[in-house]
**Student:** 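The structure under discussion is supplied below as structure tokens; questions concerning it will follow.
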Protein chains: 2
Amino acid sequence: MAKQTITIYDVAREAGVSMATVSRVVNGNPNVKPSTRKKVSDVIDRLKYRPNAVARGLASKKTTTVGVIIPDVTNMYFSSLARGIDDIASMYNYNIILANSDGDSEKEIRVLNTVLAQQVDGVIFMGHQLSAEVRKEIDLTDTPVVLAATLDEQDELPNITIDYEEAIYDSTALLLENGNDKIALVGMDIDAIKQDLNTAGYKRAIEEAGKSFDESLVVKVSSDRKTLEDVNFADIVLETGATAAVVEDDRFAIILLNQLIEKGINIPEDFEIVSAKNSPLIDMVRPRITSITQPLYDLGAVAMRLLTKLMNDEENDEIHITLPYKFSKQDSTK
Amino acid sequence: MAKQTITIYDVAREAGVSMATVSRVVNGNPNVKPSTRKKVSDVIDRLKYRPNAVARGLASKKTTTVGVIIPDVTNMYFSSLARGIDDIASMYNYNIILANSDGDSEKEIRVLNTVLAQQVDGVIFMGHQLSAEVRKEIDLTDTPVVLAATLDEQDELPNITIDYEEAIYDSTALLLENGNDKIALVGMDIDAIKQDLNTAGYKRAIEEAGKSFDESLVVKVSSDRKTLEDVNFADIVLETGATAAVVEDDRFAIILLNQLIEKGINIPEDFEIVSAKNSPLIDMVRPRITSITQPLYDLGAVAMRLLTKLMNDEENDEIHITLPYKFSKQDSTK
DNA sequence: ACAGATTATGAAAATATTTTCAATGGACAT
DNA sequence: ATGTCCATTGAAAATATTTTCATAATCTGT
């Protein structure tokens, strides 16, 4: 970035007006005589002047940039959200600073602070859970932050979610209806908060069916990408004696499915699977997996839309938005 | 973003030194007496001073920010690259401004210009192809740009690639070895340049086997996400009379596989498939698809590393880097 | 103790915009 | 003519840093 070639000053000189006037036409301020507006616009085109967003940001205290914190772009669940965020962001002329956090609390805090140092006008935070430390860090700033598909224990921060408890309840209920007596609940170990909610929905379904909650049917698996494929879910899950499983993450559901089939187990006759989360991944595998389908793109889009409102201090009556989900009955359940 | 709470000026006053000195300690300049360094650092900690990256960028003409242009974050091939880019970027303390382009030339130019307006220190461009118009736009700036997994017809811009021609050659050769007489080549219609290269590798293999290139075996499919699932690849491909296919994109390979199986065709006995591209997707489906495995993460990482060199005007002896690929023989071929 | 060399520090300019406030100019009514 | 009002314009301050250059402080060797 060499000393900027064409500045607002060059345009002003060339057009015979002041910088203030150039600034006005660049920003669409109506208080400019049409003839001067035209004159200035012509010079801008001729010189190919492009306003320096950094100088702008300094002078105006608005960077038209938002920070997006994502556990891992490589995870289709989150990248689908990110796509919704970016589309709405560019619709409102915002740029996205993206940072991967690996869902690691320490890294989340680090990247949050780096995006804040960049003077972003707002932040969208996606995470598996919102840890107390991150929560504290968010409270420290007055830059608006909205959570996308991320639960906050206190439920105070603006967020866009679906009703996870209900979704898990539905999933469990279906498996119960199909006559399964022992149903495993498979989730990630780091998902503490959602986990609890999930466990709640699972528990509620179990108990409403007149059975009692059995802790040993809850299987927690590491989310470490490297070991994803190596862990033998199938054995772990089968050991519980379950004949069906509600799996929180579709990647896990797929791996479980493939491993079970490899063992010669028939899906859904011998074992039923419901995934509590979808991503485009789930459409790729056969037999098709029954799953909760969350409006991923919309979760991101609505989160970004809410953020634009917060950034403009618009009336923010609704800072907690729950989007509806669907239940997609497929071939991994009877 | 209210008037910044704590500025360098506050720290200077509080520590009884000048702004210049605070700037020095913040930037690790060695010309500061250890005792004053300590004094200033203490004040920084006490006041929780966080340097304003925008003011910094204006004064120093470095934003420590790079623009990343990606067709679609939702495409795992590219998001895997993006992850490599981000990891190396944060290793070198750069931030990422991410923009989706949909591989659309007009949008590519638009987002390129918006990231340039943000005064990024460099740009990583990922695309299916590099159109002439985009090429021209890139030539207009002197901000360094590196292409990741994207071919430039003139082969002048810095780029990180694998040998696509060779990869397609290998894929085709295997299918020929397996005794296939008619092999379809399935690719995206927008992939003009790579397409040619692919066609070249395909052609070369065919001709080396003493057969002649048959245009009718080249099947181009739209990359439009919405219609991805609707198009009936299987019929289109089977109509060519082929008994095997080299598919450029793993998403297409998977859809083709699933559609063929649905038709009762046995893979690989009745039909063989090789995917010329991998992404984490490909590991999810059964039977496992034989494919070229590109070092996706590394392509991104190396591209970003090269960009850091270009941004620092280091000796850039190698601006064209070709990474090795592997061939993963699986169950969709005999 | 002193010259010279180095190290440490500060004042002020520079960075490219926006924003505020004052000034100018023209139209229109009197 | 003259004053009033509104639209238009410009000058200069403000924004939070880095950087340059000059000066002050400290050290080193005699």
Side-chain angles (χ1 to χ4, degrees), chain A residues 1-41 43-44 47-65 93 116-121 143, chain B residues 1-41 43-44 47-65 93 116-121 143:
Chain A
M1 173 172 159
K3 182 168 174 170
Q4 182 150 335
T5 27
I6 309 293
T7 71
I8 199 172
Y9 177 80
D10 298 313
V11 176
R13 183 175 28 75
E14 206 68 9
V17 299
S18 71
M19 285 161 45
T21 299
V22 178
S23 175
R24 288 192 187 94
V25 347
V26 167
N27 294 294
N29 184 315
N31 289 342
V32 183
K33 200 168 21 163
S35 66
T36 45
R37 179 185 302 283
K38 165 111 179 59
K39 193 170 56 179
V40 172
S41 297
V43 175
I44 288 177
L47 265 43
K48 295 198 199 312
Y49 166 67
R50 188 197 290 136
N52 180 324
V54 173
R56 242 182 201 206
L58 186 59
S60 70
K61 303 180 170 316
K62 297 261 171 244
T63 55
T64 60
T65 287
N93 281 107
L116 290 176
Q118 297 286 337
Q119 312 300 121
V120 293
D121 297 337
T143 304
Chain B
M1 173 173 156
K3 181 167 177 170
Q4 183 150 337
T5 27
I6 307 293
T7 72
I8 199 173
Y9 176 80
D10 298 314
V11 176
R13 181 173 32 73
E14 205 69 10
V17 299
S18 72
M19 283 161 48
T21 300
V22 178
S23 176
R24 287 190 188 95
V25 345
V26 167
N27 293 293
N29 183 315
N31 289 343
V32 182
K33 198 166 27 160
S35 65
T36 47
R37 177 183 305 281
K38 167 110 179 58
K39 191 171 56 180
V40 172
S41 298
V43 175
I44 288 177
L47 265 43
K48 296 198 199 312
Y49 166 67
R50 187 197 292 137
N52 180 325
V54 172
R56 245 182 199 205
L58 185 59
S60 69
K61 304 179 167 320
K62 298 261 169 242
T63 55
T64 60
T65 286
N93 280 107
L116 289 176
Q118 296 286 336
Q119 313 300 118
V120 293
D121 296 336
T143 303

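To find a chain, count down the sequence lines: A is the first, B the second, and so on, and within it residues start at 1.
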**Student:** Determine: side-chain N/O of A:Ser18 to OP1/OP2 of D:dG10, distance under 4.0 Å, yes or no.
**Tutor:**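 So the side chain of A:Ser18 is within the cut-off, an N or O lying under 4.0 Å from OP1 or OP2 of D:dG10.
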**Student:** Over how many whole Å does the gap from B:Tyr9 atom OH to D:dA16 atom C1' extend?
**Tutor:**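 From B:Tyr9 OH to D:dA16 C1': 13 Å.
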**Student:** Measuring from the side chain of A:Thr7 (C-beta onward, heavy atoms only), which nucleotide among D:dT9, C:dT18, C:dA16 has the closest atom?
**Tutor:**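 Given the options D:dT9, C:dT18, C:dA16, the side chain of A:Thr7 is closest to C:dA16.
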**Student:** Under 4.5 Å between any side-chain heavy atoms of B:Lys48 and B:Ile6, yes or no?
**Tutor:**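 Answer no - side chains too far apart.
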**Student:** Check the distance between C:dT17's P and A:Gln119's CD and give it to me in whole angstrom.
**Tutor:**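 Rounding to the nearest Å, CD of A:Gln119 and P of C:dT17 are 18 Å apart.
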**Student:** Rounded to whole angstrom units, what separation is found between the CZ atom of A:Arg56 and the P atom of D:dA16?
**Tutor:**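 In whole Å, D:dA16 P lies 18 Å from A:Arg56 CZ.
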**Student:** Please tell me if the side chains of B:Val40 and B:Val22 come closer than 4.5 Å, counting only heavy atoms from C-beta onward.
**Tutor:**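 When only atoms from C-beta onward are counted, B:Val22 and B:Val40 do touch, with a gap below 4.5 Å.
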**Student:** Can you tell which of C:dA8, D:dG10, D:dT20 lies closest to the side chain of B:Lys33?
**Tutor:**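 Nearest to the side chain of B:Lys33 among the choices is C:dA8.
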**Student:** Between B:Thr63 and B:Gly57, is there a donor-acceptor pair closer than 3.5 Å when you use the side chain of the first and the backbone of the second?
**Tutor:**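 Judged by distance alone, no pair lies under 3.5 Å.
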**Student:** Rounded to whole Å, please give me the gap between CG in B:Asn29 and C1' in D:dC21.
**Tutor:**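 Distance check: B:Asn29 CG to D:dC21 C1' gives 15 Å.
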**Student:** Please determine, for the side chain of A:Ala20, which listed nucleotide (D:dT17, D:dG10, C:dT17) has the closest atom?
**Tutor:**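 Looking only at heavy atoms from C-beta outward on A:Ala20, the closest nucleotide is D:dG10.
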**Student:** Checking the side chain of A:Ser41 only, and the main-chain atoms of A:Arg37 only, is there a donor and an acceptor separated by less than 3.5 Å?
**Tutor:**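 Confirmed, A:Ser41 side chain pairs with A:Arg37 backbone.
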**Student:** Counting the atoms with a prime plus P, OP1 and OP2 as sugar-phosphate, which does B:Ser23 contact under 4.0 Å by heavy atoms, base, sugar-phosphate, or nothing?
**Tutor:**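 Base contact.
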**Student:** Heavy-atom nearest nucleotide on DNA chain C for B:Met19 versus B:Asn31: which residue maps closer to 5'?
**Tutor:**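 Comparing both residues, the 5'-ward one is B:Asn31.
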**Student:** What is the distance, rounded to the nearest whole Å, between atom NZ of B:Lys61 and atom C1' of C:dT17?
**Tutor:**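 About 12 Å, once rounded to whole Å.
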**Student:** Tell me which of B:Ala59 and B:Arg24 sits closer to the 5' end of DNA chain D, going by the nucleotide each one is nearest to.
**Tutor:**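 On the 5' side of the pair lies B:Ala59.
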**Student:** Please state whether the phosphate of D:dT8, meaning OP1 or OP2, lies under 4.0 angstrom from any side-chain nitrogen or oxygen of A:Thr21.
**Tutor:**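 No, no such contact exists.
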**Student:** Does C:dT18 have its OP1 or OP2 closer than 4.0 Å to a side-chain nitrogen or oxygen of A:Asn27?
**Tutor:**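 So the side chain of A:Asn27 is within the cut-off, an N or O lying under 4.0 Å from OP1 or OP2 of C:dT18.
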**Student:** Would you say that B:Ile8 contacts B:Pro51 through its side chain, given a criterion of any heavy-atom pair below 4.5 Å between the two side chains?
**Tutor:**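 With C-beta onward as the side chain, the pair stays apart.
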**Student:** Is it the case that the side chain of A:Ser60 and the backbone of A:Arg56 share a donor-acceptor pair, with hydrogens and angles ignored and the cut-off at 3.5 Å?
**Tutor:**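 Pair found, side chain donor or acceptor close to backbone of A:Arg56.
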**Student:** Nearest-Å distance, NZ (B:Lys62) to P (C:dA16)?
**Tutor:**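 After rounding, the gap between these two atoms is 14 Å.
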**Student:** Heavy atoms under 4.0 Å, any strand shown: does A:Val32 hit a base, just sugar-phosphate, or nothing?
**Tutor:**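 The residue A:Val32 makes sugar-phosphate contact but no base contact.
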**Student:** To the nearest Å, how far apart are A:Gln118 CD and D:dT17 P?
**Tutor:**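 Rounded to the whole Å, the gap is 13 Å.
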**Student:** Find the bend of the helix from C:dA1-D:dT30 to C:dT30-D:dA1 as the angle between its two terminal axes (five pairs each), to the nearest 10°.
**Tutor:**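 Overall, the helix from C:dA1-D:dT30 to C:dT30-D:dA1 bends by 40° from one end axis to the other.
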**Student:** A:Ile6 CD1 to C:dT17 P: how many Å, rounded?
**Tutor:**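 Between P of C:dT17 and CD1 of A:Ile6: 10 Å.
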**Student:** Do the side chains of B:Asp10 and B:Val43 get nearer than 4.5 Å, heavy atoms only?
**Tutor:**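 No, their side chains stay 4.5 Å or more apart.
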**Student:** Indicate, with a heavy-atom threshold strictly under 4.0 Å, whether A:Val26 touches base, sugar-phosphate, or nothing.
**Tutor:**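 If one applies the 4.0 Å heavy-atom cut-off, A:Val26 turns out to touch nothing in the nucleic acid.
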**Student:** Which of the following nucleotides, D:dT17, C:dT20, D:dT18, is nearest to the side chain of B:Ala55?
**Tutor:**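 When the side chain of B:Ala55 is considered, D:dT17 is the closest of D:dT17, C:dT20, D:dT18.
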**Student:** Any side-chain to backbone donor/acceptor pair from A:Asp121 onto A:Thr64? Under 3.5 Å, distance only.
**Tutor:**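 Present.
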